[in-house]
Amino acid sequence: MTPLDTEIAKYEEMRTDLEASHSGQWIVIHGRKVVGIYEDFQDAAHEAVQRYGRGPYLIQQIDEPPFVLPASVMYTPVRTFDAG
């Protein structure tokens, strides 16, 4: 079981009602609790990061298939090199 399985299960339990009333919006779920529903991804992500840092938490667009980023994408440090 992955750390997000409980959040995904909570979303699936609520999916029908969410799709009927919040299609296209973004939901944040943490610890099987709905943190909030937002108009855009940026607002949802900002709230999730402010509250929980790196997570885990689920940010899902309602009525869209899940999109999962691997941890290596999320936490890969960006480095710049001076060629001079």
Side-chain angles (χ1 to χ4, degrees):
M1 185 173 234
T2 70
L4 289 177
D5 284 342
T6 57
E7 283 78 3
I8 293 168
K10 179 65 175 178
Y11 176 81
E12 291 300 328
E13 289 172 12
M14 303 171 60
R15 178 190 289 269
T16 301
D17 292 336
L18 289 169
E19 289 177 353
S21 57
H22 297 286
S23 183
Q25 293 178 308
W26 295 82
I27 189 168
V28 176
I29 301 174
H30 174 73
R32 290 193 53 85
K33 294 183 182 169
V34 175
V35 175
I37 297 174
Y38 305 88
E39 291 298 319
D40 58 49
F41 174 80
Q42 290 79 10
D43 290 343
H46 177 77
E47 185 67 24
V49 170
Q50 286 292 97
R51 287 186 183 212
Y52 309 111
R54 291 184 173 182
Y57 42 77
L58 175 68
I59 301 174
Q60 171 69 44
Q61 188 172 20
I62 298 165
D63 206 15
E64 294 293 326
F67 179 78
V68 179
L69 292 175
S72 60
V73 172
M74 299 289 291
Y75 304 114
T76 300
V78 176
R79 296 186 181 120
T80 59
F81 297 96
D82 184 4

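Predicted model, so just to flag it, every value in this text is computed and none were measured. Starting from 1, each residue takes its place in the sequence as its number. Hydrogens, waters and symmetry mates are skipped; everything else that's a heavy atom, side chains included, is used.
- The shortest distance between side-chain heavy atoms of R32 and E13 falls below 4.5 Å.
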Between K10 and E7, does a salt bridge (Lys or Arg N to Asp or Glu O under 4.0 Å) hold up when you go through it step by step?
CA-CA 5 Å; K10 179 65 175 178; E7 283 78 3; over 6 Å; no
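- Of all the heavy atoms in Y11 and I62, the pair that sits closest is OH-CA, 3.5 Å.
- Atom-to-atom distance recorded for K33:NZ and T6:OG1 is 11.5 Å, nearest 0.5 angstrom.
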Start with the C-alpha gap between W26 and Y38, add the side-chain angles, then the distance that decides, and say whether ring-ring contact (aromatic ring centres under 6.0 Å, His included) holds.
CA-CA 5 Å; W26 295 82; Y38 305 88; over 10 Å; no
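- Considering all non-hydrogen atoms of both residues, S23 and D63 come closest at OG-OD2, 3.0 Å.
- In this structure, the separation between CE on M14 and NE2 on H22 is 8.0 Å, given to the nearest 0.5 Å.
- In this structure, the side chain of Q61 does not engage the main chain of Q25 through any donor-acceptor pair within 3.5 Å.
- Of all the heavy atoms in A45 and I59, the pair that sits closest is CA-CD1, 3.7 Å.
- For the side-chain contact (heavy atoms from CB on, under 4.5 Å) with L58, the lone residue among V28, I29, V35 that qualifies is I29.
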